[in-house]
Amino acid sequence: MRFGWRAISGPALTAAALLLTIHFDRFIPSPAPLLVGIVALAGALSGLASAIASAAVAVIGATLLLLGRHGVSGATSADLIPLGLMAITAAATAGITGLMRERLLGTVAAERQSHATAARLSAALDQVDIGIVLLDAETRAEFINGAFRDYFAVPDEIADGKPPFIALMYHSRDTGAFELPEDELGTFIAQRMEMVRIGDATPINIALRNGEVLRFVCNALPDGGRMLSYTPVTDLVRHTDAPSRADYYRSLRDPTGRRLIRHLRAAE
């Protein structure tokens with residue numbers, strides 16, 4: 001037990017309550033409820049050790065108070081039974097509140113560790129070139145990494161607002177991200193939504209208007225959510241382009257310097 005103000009507050013309050021009981025003896029017939037309450041407070045503030053110390057002070061003080069009132073020979077079973085009940089109650093209260101506090105502190109520490117791990121994982125996923133989106137069971141985006149935001153020009157205010165996946169698809173359509181004719185976009189979006197809904201893990205290639213090609217994969221998660229990955233495979237797919245137009249296709253692959261920007265971010 002660390003001897004801070006929290007640790008000593010329980011025993012100190014118990015001793016103070018006993019002194020007040022002695023001083024105002026005629027007005028306080030039984031200090032037991034007050035003492036048990038102080039034991040509970042000590043357990044909540046400082047844990048099991050402080051609560052047990054407070055309970056011990058309470059039982060010893062109540063015993064001395066009883067002996068002071070009736071003497072050793074004058075104490076009867078009617079006096080000893082309430083004292084015994086108070087001792088049992090104080091010990092039980094110390095154990096319960098102290099253990100509950102320890103469990104609560106352990107839970108809080110575990111949650112902090114979990115949040116720290118999640119923050120590190122999020123930071124790591126922002127450094128990769130693979131676009132990653134985590135959806136909950138209702139297909140709302142709980143996490144969108146930096147690569148996906150770059151590929152589909154999703155501003156942070158939209159990405160951080162946990163938008164539904166259908167909203168991300170419509171945003172990409174409205175910004176002209178897909179290399180598809182206008183009349184095919186509706187069917188394309190409906191097919192992607194169906195893949196996500198059923199958890200179809202069949203990989204497909206998505207051609208972007210800037211010349212990049214992403215391999216889309218949907219993985220079903222145990223909690224009913226989905227993990228969507230968009231892996232850049234431009235160099236693997238574009239090798240079949242017509243040789244006569246090779247320079248043109250190369251100029252389309254990274255017209256905004258997006259790869260350089262992500263490299264510089266990773267270097268920071």
Side-chain angles (χ1 to χ4, degrees), residues 122 125-221 225-266:
S122 175
L125 291 178
D126 272 333
Q127 305 302 319
V128 300
D129 284 339
I130 300 174
I132 296 175
V133 179
L134 297 180
L135 305 178
D136 61 16
E138 297 178 353
T139 71
R140 297 189 70 88
E142 293 186 320
F143 172 78
I144 302 175
N145 78 334
F148 182 92
R149 302 182 192 207
D150 289 342
Y151 288 136
F152 296 98
V154 181
D156 291 340
E157 56 268 22
I158 293 178
D160 295 336
K162 296 186 177 182
F165 180 64
I166 185 66
L168 293 176
M169 295 295 294
Y170 283 138
H171 172 81
S172 300
R173 178 202 65 181
D174 295 341
T175 57
F178 302 116
E179 189 180 25
L180 285 172
E182 191 75 23
D183 57 351
E184 295 182 14
L185 284 173
T187 301
F188 172 79
I189 291 175
Q191 290 174 344
R192 299 293 76 74
M193 288 301 302
E194 180 64 14
M195 289 184 69
V196 171
R197 186 185 69 81
I198 65 176
D200 186 352
T202 304
I204 64 167
N205 290 339
I206 298 177
L208 303 183
R209 194 171 297 277
N210 64 7
E212 292 189 88
V213 179
L214 304 177
R215 181 155 295 166
F216 169 79
V217 177
C218 171
N219 295 108
L221 301 177
R226 302 286 185 266
M227 185 183 80
L228 313 180
S229 61
Y230 297 79
T231 305
V233 292
T234 306
D235 294 336
L236 298 178
V237 175
R238 294 299 190 184
H239 72 279
T240 58
D241 293 341
S244 60
R245 306 197 68 191
D247 292 336
Y248 169 72
Y249 286 126
R250 290 193 194 97
S251 69
L252 292 178
R253 289 176 194 176
D254 197 22
T256 61
R258 186 175 291 124
R259 291 181 181 176
L260 176 60
I261 292 173
R262 287 200 297 272
H263 175 74
L264 292 176
R265 285 180 179 174

Nearest-0.5 Å distance, OG of residue S229 to CG of residue L134 = 10.5 Å

To the nearest 0.5 Å, what is the distance between CG (L208) and CD (E179)?
-> 8.0 Å

Taken to the nearest 0.5 Å, the spacing of I189 CD1 from S172 OG works out to 8.0 Å

Counting distance only, does the side-chain N/O of D126 pair as donor-acceptor with the main-chain N or O of N145 below 3.5 Å?
-> no

Not counting sequence neighbours, which residues clear side chain to side chain contact (heavy atoms under 4.5 Å, CB included) with D156? List them please.
-> R149, D160

Intermediate values then yes/no, side-chain contact (heavy atoms from CB on, under 4.5 Å), V233 and N205 | CA-CA 8 Å; V233 292; N205 290 339; 4.0 Å; yes

Residues forming a ring pair (Phe, Tyr, Trp, His ring centres under 6.0 Å) with Y230, sequence neighbours excluded | F148, F152, F216

Contacts table for residues 180-187: side-chain donor-acceptor under 3.5 angstrom, sequence neighbours left out:
none

Set of residues satisfying side chain to side chain donor-acceptor pair (under 3.5 Å) with respect to D200, sequence neighbours excluded | T202

Could you tell me the separation between the CD1 atom of I144 and the CG atom of L168, rounded to the nearest 0.5 Å?
-> 4.5 Å

Sequence neighbours excluded, which residues qualify as side chain to side chain contact (heavy atoms under 4.5 Å, CB included) partners of E157?
-> P155

Set of residues satisfying side chain to side chain contact (heavy atoms under 4.5 Å, CB included) with respect to A167, sequence neighbours excluded = P163, P164

Can you name the residues that form a ring pair (Phe, Tyr, Trp, His ring centres under 6.0 Å) with F188, not counting sequence neighbours?
-> F178

Residue pairs involving residues 135-144 (criterion side chain to side chain donor-acceptor pair (under 3.5 Å); sequence neighbours excluded) | none

Got a sec, which residues hit side chain to side chain contact (heavy atoms under 4.5 Å, CB included) with E194, two or more places apart in sequence or on another chain?
-> R197, I198

Provide the full list of salt bridge (charged side-chain N to carboxylate O under 4.0 Å, His left out) pairs with a residue in residues 161-174, sequence neighbours left out, each pair given once.
-> none

Rounded to the nearest 0.5 Å, what's the gap from CD1 on I166 to CZ on R192? Could you check?
-> 11.5 Å

